[in-house]
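Structure record follows, encoded as structure tokens.
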Amino acid sequence: MAGEIPVFISPIDVEIEGNTGRYRHADTVEDLAAMLLSSKWALSKAPSFHRALMTSLEALEFYADAASARAAFVAAAHEAGLHVLPDDVAETRKAAEKKEPHREAGPRE
């Protein structure tokens, strides 16, 4: 695919090989498609996997936007039990905020 225009995404790091603490970085839709096509991807028969792969291929051909490809990839990664950064950090913060509502500062005794 040399000479083609890269389709950039908001960067992500995807956990590989389960909970090993090893991550693979992606800056482009091509990176997402490469990860999906790697032999290490679990649940390759899941509908979310096929949706992510098709959306990535469509984004490479400019039939879909890069944000849609990224969102489909993140959904497939989560279904496969993989962590995705920074998305998972943001979700953890939102969940924590819902559990502990912001307390207004009042007079201290």
Side-chain angles (χ1 to χ4, degrees):
M1 291 181 135
E4 293 191 19
I5 300 169
V7 181
F8 290 99
I9 60 168
S10 178
I12 58 174
D13 292 295
V14 183
E15 182 180 39
I16 57 173
E17 300 175 12
N19 288 324
T20 61
R22 295 177 55 202
Y23 287 79
R24 187 166 169 191
H25 187 76
D27 286 314
T28 65
V29 172
E30 186 176 2
D31 294 339
L32 299 180
M35 279 192 251
L36 289 165
L37 293 172
S38 75
S39 61
K40 298 186 187 272
W41 193 267
L43 299 174
S44 62
K45 293 182 181 179
S48 63
F49 169 85
H50 292 283
R51 192 176 323 58
L53 183 57
M54 288 305 300
T55 307
S56 294
L57 295 175
E58 289 171 352
L60 287 172
E61 296 295 324
F62 302 106
Y63 294 116
D65 61 271
S68 296
R70 185 185 185 283
F73 179 90
V74 170
H78 284 156
E79 186 173 339
L82 303 176
H83 295 288
V84 180
L85 301 176
D87 296 52
D88 291 352
V89 173
E91 289 177 16
T92 302
R93 284 184 185 149
K94 287 179 186 175
E97 288 173 0
K98 286 182 182 178
K99 285 183 181 178
E100 291 185 29
H102 181 68
R103 296 181 187 154
E104 291 186 26
R108 292 187 179 188
E109 295 180 32

Response to the item:
Minimal heavy-atom distance between Ala76 and Ala52, with the atoms involved, is CB-CB, 3.9 Å
Worksheet entry | Separation between CG of Asp13 and CG of Leu82, rounded to the nearest 0.5 Å | 13.0 Å
Fill in: Nearest non-hydrogen partners of Leu36 and Phe49, listed with the distance
O-CE1, 3.2 Å
Worksheet item: Taking Arg70 for the side chain and Ser10 for the main chain, is one N or O donor matched with an acceptor at less than 3.5 Å?
Response: yes
Worksheet item: Which atom pair, heavy atoms only, marks the closest approach of Tyr23 to Glu15?
Response: CD2-N, 3.3 Å
Discussion item. Tell me if the CZ atom of Phe62 is crowded by more than 12 foreign heavy atoms within 6.0 Å.
Written reply: yes
Worksheet item: Side-chain heavy atoms under 4.5 angstrom apart, residues restricted to Ile, Leu, Val, Met, Phe, Trp, Tyr: same cluster for Leu57 and Met35?
Response: yes
Practice prompt. Determine the minimum heavy-atom distance between Leu60 and Glu30, stating which atoms define it.
Written response: CD2-N, 3.8 Å
Discussion item. Are the side chains of Ser68 and Glu58 in contact, using a 4.5 Å heavy-atom criterion?
Written reply: no
Discussion item. Can you give me the closest heavy-atom contact between Val84 and Ala77, atom names plus distance?
Written reply: CG2-CB, 3.6 Å
Item to complete: Answer whether the closest heavy-atom distance between the side chains of Val14 and Phe73 falls below 4.5 Å.
Response: yes
Worksheet item: Is there a path from Phe8 to Leu85 through hydrophobic residues (I, L, V, M, F, W, Y) whose side chains come within less than 4.5 Å of each other?
Response: no
Discussion item. As an exercise, state the distance from CD1 of Ile12 to CZ of Arg24, rounded to the nearest 0.5 Å.
Written reply: 11.0 Å
Fill in: Nearest heavy-atom neighbours spanning Ser56 and Val29
O-CG1, 3.2 Å
Worksheet entry | Heavy-atom side-chain proximity of Asp31 to Ile9 below 4.5 angstrom | no
Discussion item. Quick one, His78 and Asp88 - any side-chain contact, counting heavy atoms below 4.5 Å?
Written reply: yes
